[in-house]
Amino acid sequence: MRQAQSVATSGRDTDGRAAQLYFRASEEHWLQPVPVYATALVSALVSGSMAARLASAIVGALNVGLIYLLMRRLCPNRWGPVATAALLAITPAHLAFARTGVDAIYSLPFVLVWLIGLRDFLDRGDRWHLTAGVFALGVGTYTQPSAPLTMGFLFAITCAALWITGARGIRAYAGIVTAFALPLSIAGLWFAAHPSSYPDTFGRWVIHAAHLRYPMDGMRAFLNWTTLGTRTSLYWGFFDPSWLFFNAPYLPGTVLRGAAPFLLPASLFSLMGVARCARVGPPAWTIALVAGAAASPLAASTFGQPHAIGAALAVVPFVTVLAGCGLVDWSERKGAAWRWLGWAAIAAIPLQFFGAYARYFRA
């Protein structure tokens, strides 16, 4: 917050330096630029700590609008996009981070823009929209510490989706590689001018400086059985249903304060959404959604903290889109059993939401 206020008032960081890419918050803690500059812009409207919270709330509202636009491309009716946007708005993880003022929420708009561009390409062959979506992934690497790895995984998913559509040859991938690399080249220039900043930024978030100099040592460290075991345990622990969909003990030091990241009915509708996408959507789209949801916690597992939803918040739009598709699938089913099960799940949404809301605002 101090860095954003300094940029807003003087155009320089707290150390008096102008045109910073990364901002030093403490001796070994650096901030990504997108949240700092976004908060600095909002500081023109409000002052103090409210600027950071208002900036993240604006991003949260933007996410709701973007997922509505995405679902308009997927749903044959009007209520499906509205229902999905509303579901994102009341998803506890999204709501909590949208009003907290921390950087985790800032990666989501870039993920949603990428999904829109990917869907436009799969539906109409629009390579310009795909290129724009991949460019958004590149810019999204500057949103939070886990974002460089997360956006790298999503870029790999893009390449896989292209391959599934039959794209072959260098020319088919040149555009998206350039679009993703262009924003990253700014970081390359920054580190060339400020090499001492690398160890505490990308050296912590992506590749250790020593492993960058000696790739074989880095590979051996990554493939170490102890390291792999720890990261695998953290990764699978993220998908623990009791944590994802049921309230945990009240934890005042965490953003969610014990509330589950997702509402329980989202699990049912997400499974229905996977089935619907596999049945009616392009195969590359189904794979992108499922792989995106699976890849988002990969980056979080490298940070060594269990249930690090802030580092894996990119999973939220994937789960919500799948749940929205599941809602549409349920509305089209004719069986009475499915109808009653769906209505029961929908009725449970406000009950669990208000329960999570009460836990979140508990004094």
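Counting from 1, the numbers follow the sequence of the chain as shown.
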Is there a side-chain contact between [X] and [Y], using heavy atoms and a 4.5 Å cut-off?
| X | Y | answer |
| --- | --- | --- |
| Pro109 | Val59 | yes |
| Leu322 | Phe269 | no |
| Leu149 | Phe153 | yes |
| Leu69 | Leu112 | no |

Look only at the side chain of [X] and the backbone of [Y], and say whether a donor-acceptor pair between them is shorter than 3.5 Å.
| X | Y | answer |
| --- | --- | --- |
| Thr158 | Leu154 | yes |
| Tyr142 | Leu21 | no |
| Thr84 | Val321 | no |
| Arg127 | Ala172 | yes |
| Thr320 | Pro317 | no |

Validation row, ring centre Phe110 to ring centre Tyr106 under 6.0 Å: no
Ring centres under 6.0 angstrom apart (Tyr198, Tyr22):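 Not under 6.0 Å, so no.
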Roughly how far apart are [X] [atom1] and [Y] [atom2], rounded to 0.5 Å?
| X | Y | atom1 | atom2 | value |
| --- | --- | --- | --- | --- |
| Phe97 | Ser107 | CZ | OG | 10.0 Å |
| Trp243 | Phe262 | CH2 | CZ | 8.0 Å |
| Cys325 | Met71 | SG | CE | 4.0 Å |
| Leu74 | Ile67 | CG | CD1 | 9.5 Å |
| Leu108 | Leu62 | CG | CG | 10.0 Å |

For [X], look at atom [atom1] and say whether over 12 heavy atoms of other residues, nucleotides or ligands are found less than 6.0 Å away.
| X | atom1 | value |
| --- | --- | --- |
| Arg72 | CZ | no |
| Arg168 | CZ | yes |
| Arg279 | CZ | yes |

Using every non-hydrogen atom in the two residues, find where [X] and [Y] come nearest and quote the distance to one decimal.
| X | Y | value |
| --- | --- | --- |
| Ala288 | Leu118 | CB-CD2, 3.6 Å |
| Leu327 | Trp79 | O-CH2, 3.6 Å |
| Pro92 | Pro261 | CD-O, 3.4 Å |
| Ile157 | Ala295 | CD1-CB, 4.3 Å |
| Ala311 | Ala300 | CB-CB, 3.7 Å |
| Pro297 | Phe239 | CG-CZ, 3.6 Å |

Chi angles and distances behind the side-chain contact (heavy atoms from CB on, under 4.5 Å) call for Phe135, Thr178: CA-CA 8 Å; Phe135 182 80; Thr178 302; over 6 Å; no
Worked verdict on Trp330 versus Leu268 for side-chain contact (heavy atoms from CB on, under 4.5 Å): CA-CA 10 Å; Trp330 163 78; Leu268 170 65; over 6 Å; no
Audit row: Cys159, Ile176, side-chain contact (heavy atoms from CB on, under 4.5 Å) steps and yes/no: CA-CA 8 Å; Cys159 295; Ile176 63 171; 4.0 Å; yes
Within one Ile-Leu-Val-Met-Phe-Trp-Tyr cluster: [X] and [Y], side-chain cutoff 4.5 Å:
| X | Y | value |
| --- | --- | --- |
| Val328 | Trp285 | no |
| Ile164 | Phe155 | no |
| Leu182 | Leu189 | no |
| Val290 | Trp236 | yes |
| Ile287 | Leu122 | no |

Candidate pair Tyr173 and Phe180, rule ring-ring contact (aromatic ring centres under 6.0 Å, His included), full reasoning: CA-CA 11 Å; Tyr173 297 86; Phe180 188 69; over 10 Å; no
Steps toward side-chain contact (heavy atoms from CB on, under 4.5 Å) verdict (Leu289, Leu115): CA-CA 9 Å; Leu289 288 178; Leu115 283 172; 4.1 Å; yes
Partners passing side chain to side chain donor-acceptor pair (under 3.5 Å) against Asn77 (at least two apart in sequence or in another chain):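 Not a single residue meets the side chain to side chain donor-acceptor pair (under 3.5 Å) criterion with Asn77.
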Side-chain H-bond candidate by donor/acceptor type, Trp190 with Thr201, under 3.5 Å: no
Option passing salt bridge (charged side-chain N to carboxylate O under 4.0 Å, His left out) with Arg73 (candidates Asp120, Asp126, Asp123):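 Among Asp120, Asp126, Asp123, the one that satisfies the salt bridge (charged side-chain N to carboxylate O under 4.0 Å, His left out) with Arg73 is Asp120.
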